[in-house]
Amino acid sequence: MSMATVANGPRRPELAAFLRSRRARITPADVGMPPGPRRRTPGLRREEVAQLSGVGVTWYTWLEQGRRINASPQVLDAVARTLRLDAMEREHLYHLAEVPYAPQPAAAARSVGPEVLAILTALDLPAAVYNSRYDVLAANALYERMFPALRAASPRQRNVLWQLFSVPSCCCVMTNRDEELPVLVATFRGAYGRHVGEPSWEGLIRGLCEISEDFAELWRSGDVAPPGSRIKVVQHASIGKLRSVSTSLTVTGMPETRIVVYSPADDVSGKLMDELRTLEDPLIGCPDHARPLSAERARQAALGNPEPG
């Protein structure tokens, strides 16, 4: 930990005031310490914050006084943990201390709230909520008619990558799979960088590599890409070739989660989407292997993979 000085600026007084206000709201009981002698001010003492953070008392005192000292990310994180800062407060601390901010990785979301579900229901276009692992957290009826295999999937199989790579290439719904699948895997890898070593991510990657040599080869390529709007060409066994534009919308308050909406890319696809709205038992698979959704659901139930409730 360096005590080298840095230039003073308008952020230093604000940093001092912010740290004092955060310290004042934490009581000794909150951190498992005895209250001790009568305190003249609320909250923890400076020396207690320093002790709990593993830093020197003088250094922390100087930091809270707004003096010209450097702070490393490791030390700021230790102080943030002691003061129980949430994600927004931690980011604010970094900015005030003039240290480059590195967001902490958030766990992939596993569910959505009623407000987001209401939005999906209200949309008259296929739409679903994806997390950064491409798990389908929720979908409206039109999306499930567009990708009917999802309605028969077990919880583990409700994942875009799993749906595309676990079937023979002839039954893959993406007709432009040679263009789409490499981009999809590269986008997935871009998100994976924030979750390396997490069991849920490593297990998904391992499972995909085991069921699909195509995925394993794309994964070995190491390519990385950001998410973005693209033309997706879906070969639907019931209605034919549907061209759509996928648009991703960030979900506020749900890190690494987005609503993906599919809109027709042309007039022909617009008419096909109208047909999609009336389908009750869409077909799954390619023209040679197509089977009704009802038959697939019965098959999954027999395998012990009933449709999740």
Side-chain angles (χ1 to χ4, degrees), residues 112 116-131 133-181 183-184 187-188 227-249 251 257-297 299-300 305 307-308:
V112 300
V116 175
L117 291 175
I119 292 172
L120 289 180
T121 302
L123 287 172
D124 192 32
L125 291 168
V129 179
Y130 298 166
N131 62 18
R133 284 169 22 111
Y134 280 100
D135 296 323
V136 182
L137 305 183
N140 62 14
L142 199 51
Y143 180 95
E144 292 190 342
R145 290 190 180 104
M146 187 173 178
F147 301 107
L150 185 75
R151 289 168 63 182
S154 68
R156 181 190 182 194
Q157 296 167 341
R158 290 178 68 85
N159 176 280
V160 173
L161 294 164
W162 197 272
Q163 291 287 312
L164 295 176
F165 284 101
S166 65
V167 297
S169 58
C170 62
C171 291
C172 180
V173 295
M174 296 296 176
T175 62
N176 58 340
R177 68 189 309 274
D178 291 342
E179 302 170 8
E180 179 65 21
L181 297 190
V183 175
L184 191 67
T187 304
F188 175 66
S229 178
R230 299 193 299 277
I231 296 289
K232 299 197 176 183
V233 186
V234 174
Q235 181 63 48
H236 198 289
S238 293
I239 63 172
K241 189 176 293 186
L242 178 64
R243 291 170 51 84
S244 61
V245 180
S246 66
T247 303
S248 294
L249 308 172
V251 182
T257 303
R258 62 195 187 279
I259 296 177
V260 180
V261 183
Y262 293 84
S263 53
D266 49 50
D267 291 341
V268 172
S269 295
K271 293 177 181 178
L272 292 177
M273 198 166 286
D274 287 338
E275 291 184 34
L276 199 63
R277 292 183 174 91
T278 64
L279 284 178
E280 292 299 328
D281 193 17
L283 296 173
I284 294 173
C286 69
D288 292 335
H289 303 132
R291 59 210 179 272
L293 170 62
S294 56
E296 177 62 17
R297 291 166 80 174
R299 188 179 76 87
Q300 290 289 345
N305 294 323
E307 180 184 16

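Within the 4.5 Å cutoff, side-chain heavy atoms of M146 are placed close to those of Y262. Contact of the L279 side chain with the R145 side chain is registered, since non-hydrogen atoms from C-beta on lie closer than 4.5 Å. In this structure, V234 and F147 have side chains that are in contact, with non-hydrogen atoms separated by less than 4.5 Å. At a threshold of 4.5 Å between non-hydrogen side-chain atoms, the residues L293 and I284 count as touching. A heavy-atom distance below 4.5 Å is found between the side chains of T187 and Y134. Counting heavy atoms from C-beta on, the side chains of T257 and Y130 never come closer than 4.5 Å. At least one side-chain heavy atom of L181 sits under 4.5 Å from a side-chain heavy atom of F165. Contact check for H236 versus V173: no side-chain heavy atoms found under the 4.5 Å cut-off.
Tested against V233 for a side chain to side chain contact (heavy atoms under 4.5 Å, CB included), the candidates E179, M174, R243 yield a single pass: R243.
Listed for the S269 side chain is no donor-acceptor partner under 3.5 Å among the backbone atoms of D266. Side chain of N176 to backbone of E180: no donor-acceptor contact under 3.5 angstrom is found. For the pair D281 (side chain) and P292 (backbone), a donor-acceptor distance under 3.5 Å is absent. For N140 (side chain) and L125 (main-chain N/O), a donor-acceptor pair under 3.5 Å exists by modelled atom type.
The two residues A237 and G285 have their closest heavy-atom pair at CB-O, 3.4 Å. Residue C286 comes nearest to C170 through the heavy atom pair CB-O, 2.9 Å, listed as atom of the first residue, atom of the second, then distance. The nearest pair of heavy atoms linking M273 to L142 is CG-CD2, 4.4 Å. Listed here is the closest heavy atom pair of I259 and L120: CG2-CD2, 4.1 Å.
To the nearest 0.5 Å, atom CZ of residue R158 and atom CG of residue L150 are 4.0 Å apart. For the atom pair OG (S294) and CD (E280), the distance works out to 11.5 Å, reported to the nearest 0.5 Å. Rounded to the nearest 0.5 Å, atoms CG (L184) and NZ (K232) are 6.0 Å apart. Distance check: L272 CG to K241 NZ gives 11.5 Å after rounding to the nearest 0.5 Å. Taking SG of C171 as the reference point, atom CZ of R291 lies at 6.5 Å (rounded to 0.5 Å). Annotation: the span from S169 atom OG to L164 atom CG amounts to 12.5 Å, rounded to 0.5 Å.
For the salt bridge (charged side-chain N to carboxylate O under 4.0 Å, His left out) condition, no pair includes a residue of residues 161-172, sequence neighbours left out.
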- Take V136 and N159, measure what side-chain contact (heavy atoms from CB on, under 4.5 Å) needs, and give me the verdict at the end. CA-CA 5 Å; V136 182; N159 176 280; over 6 Å; no
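By the salt bridge (charged side-chain N to carboxylate O under 4.0 Å, His left out) test, R177 pairs with D214, sequence neighbours left out. For R277, the salt bridge (charged side-chain N to carboxylate O under 4.0 Å, His left out) partners are D124, D274, not counting sequence neighbours.
The 12-atom threshold is exceeded at CG of D288, counting heavy atoms of other residues, nucleotides or ligands nearer than 6.0 Å.
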